[in-house]
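Please read all numbers here as calculations on a predicted model, not as lab measurements. Lettering of chains follows the sequences in order, A, B, ..., and the numbering in each one begins at 1.
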Number of protein chains: 2
Amino acid sequence: MANITPEDAFLNDYDPAAFDRPSVAVDLVLLGIHAGRLSALLVERDQPPQAGRWALPGGFVGIEESLDAAAIRVLRDKAGLADAHLEQLYTFGAIDRDPRMRVVSVAYLALLTEDAVAPASTGARITPAAIDGDPLVATRADGEDLPLAFDHAAILTRARDRLRGKIDYSDIAFAFLPPAFTLRALQEVHEAVLGTRLNKPAFRRRMLDRVVGGRRLVATGMREADASHRPAELFRLA
Amino acid sequence: MANITPEDAFLNDYDPAAFDRPSVAVDLVLLGIHAGRLSALLVERDQPPQAGRWALPGGFVGIEESLDAAAIRVLRDKAGLADAHLEQLYTFGAIDRDPRMRVVSVAYLALLTEDAVAPASTGARITPAAIDGDPLVATRADGEDLPLAFDHAAILTRARDRLRGKIDYSDIAFAFLPPAFTLRALQEVHEAVLGTRLNKPAFRRRMLDRVVGGRRLVATGMREADASHRPAELFRLA
DNA sequence: AAAATAGTGTCTTTCAGACAGTATACA
DNA sequence: TGTATACTGTCTGAAAGACACTATTTT
């Protein structure tokens, strides 16, 4: 072990500028709860290859731009969103994932509130689609299953799995909600992400007892406005 | 497939071939349990920049090589290891993380058994170092704290956090162990990763009841060989 | 026999699921 | 007053922590 091999010497003198390099891109998985279902914002491709298929919004990373900065730029310029919870998801680097050229794509997870997902209406070039099933299927509000471009079904699957894995022990669920929210809304977020129904008293207890990152749920004393029956209390994270 | 034109690009008005691209590299976080502590294999840099500092083994990704293939190649050629549990960790893309050029580095986690970590002895160019504390410190077996190169302390920190987050609900602990192992060895892996002591009866119950990925612990009927007192039974995952 | 670790039985606490009940708002 | 939903009390069962005990092997 630890001998200096010819490969070591070669790599020490390796000049990457002399070789072709992959392009580096970011792709954004924009997720929100829409009509009670976990949904992604997808963009219809209008150019070949894969014209007519639906893709994640993305863009190439500039030579003087960090990965995070590129993700923020795509969020703003391609999705028209000023702000969202953004976290890096996974990097996809299969040789043939894009038929035009070698592209290594760093996927980001962006979590949106319901009012950020809804304006992208069905029929437009960017639309929310419920993601469900295994293998994953993206279904638009009109019931149409949208064909996905490139390896984007794999990216969406990994995004959903990440979300399911983290929701129980992190504060990501709150990224889907406005600053003040009802416990029912929080439960609906959990149910949409996990794809299961949850027990209400146990859920309430767990959420009210829980401390995540030094923060916990506190009652605001205010109540939801538009309920047709008894309005629930609004909580916030503090 | 269609002609490759600038219009084919993800962003209609952006031709990546016309711009400088970052280099893409992989860095390997080689982790194992050494002397009861979670330890990483580090390589001493013998060239500037940062000569004398300790780095993760890494290498550039070839234009016709997937990220996973590059990680396997580095594992073999730079670390001299034929096989290990390999999983992608995170991609580091700050603009100035390498002073020589723009490098986007995809970090991989590689988990090794004790006999793969141990041969790299203290004093050699590649050495195991216990990683502990917050901020993270890498300590060689002789007690020396090793200065880390570039952003590799941040990479190691993220590797440790990933491990701690996954050990309770995945089978990664077994990647540190040979095919047959005692329950005490398994508990020592958990304790080294989490940095805490665990309750023995509860740990045994949990492990023997647990089913992860359709597999569970089964007794082999064999016992450990070199114990100076009552030898423990060997288990395997099946 | 002594020493040391393997392995188990059991008590207690904690917490989630289930279910039924009370409270409060709107029609 | 009816109805729908918010919110809570309590029972039960599952699982973890703590601790003490028995079992088995080497020296």
**Prompt:** For the pair made of NE2 in A:His229 and C1' in D:dC7, what is the distance, rounded to whole Å?
**Reply:** 17 Å

**Message:** Need to verify one output field. Residue with the more 5' nearest nucleotide on DNA chain C, A:Phe203 or A:Ala227?
**Reply:** A:Phe203

**Prompt:** Atom CZ of A:Arg210 and atom P of C:dC15: how far apart are they, to the nearest Å?
**Reply:** 14 Å

**Request:** Let me know the distance between CE of A:Met222 and P of D:dA6, rounded to the nearest Å.
**Result:** 17 Å

**Prompt:** Between C:dG7, C:dA16, D:dA6, which nucleotide has the shortest distance from any of its atoms to the side chain of A:Arg230?
**Reply:** D:dA6

**Item:** d(CG, A:Leu186; P, D:dA6) in whole Å
**Value:** 13 Å

**Complete:** To the nearest angstrom, the CG-C1' distance between B:Asp209 and D:dG13 comes to 15 Å

**Asked** At under 4.0 Å, does any side-chain N or O of B:Arg206 touch on OP1 or OP2 of D:dA15?
**Response** no

**Asked** Rounded to the Å, how far apart are B:Leu183 CG and C:dG7 P?
**Response** 7 Å

**Asked** Contact class for A:Arg205 (heavy atom, under 4.0 Å): base, sugar-phosphate, or nothing?
**Response** base

**Message:** I'd like to know if the side chain of B:Thr220 reaches the main chain of B:Leu234, judged simply by a donor and an acceptor atom lying under 3.5 Å from each other, with no hydrogens or angles considered.
**Reply:** yes

**Request:** Please check if any side-chain donor atom of A:Glu188 sits under 3.5 Å from a side-chain acceptor atom of A:His190, or the reverse.
**Result:** no

**Touch class at under 4.0 angstrom, heavy-atom based, for A:Arg204 against every strand present** = base

**Message:** Between B:Leu194 and B:Ile167, is the side-chain contact (heavy atoms from CB on, under 4.5 Å) condition met? List the steps.
**Reply:** CA-CA 9 Å; B:Leu194 296 173; B:Ile167 197 163; 3.8 Å; yes

**Message:** Heavy-atom nearest nucleotide on DNA chain C for A:Pro231 versus A:Asn199: which residue maps closer to 5'?
**Reply:** A:Asn199

**Item:** Atom-to-atom span, NZ of B:Lys200 to C1' of C:dA4 - whole angstrom
**Value:** 11 Å

**Message:** Strictly below 4.0 Å: does A:Arg223 bring a side-chain N or O up to OP1 or OP2 of C:dA23?
**Reply:** no

**Prompt:** Which whole-number value in Å describes the distance from B:Asp226 CG to D:dT25 P?
**Reply:** 16 Å

**Prompt:** Can you name the one residue among B:Arg184, B:Arg37, B:Arg197, B:Lys200 that meets salt bridge (charged side-chain N to carboxylate O under 4.0 Å, His left out) with B:Glu191?
**Reply:** B:Arg197

**Item:** Nearest-nucleotide pick for B:Arg184, side chain only, options being C:dT8, C:dT5, D:dG9
**Value:** C:dT5

**Complete:** Between B:Leu112 and B:Ala84 the two heavy atoms that sit nearest each other are CD2-CB, 3.6 Å

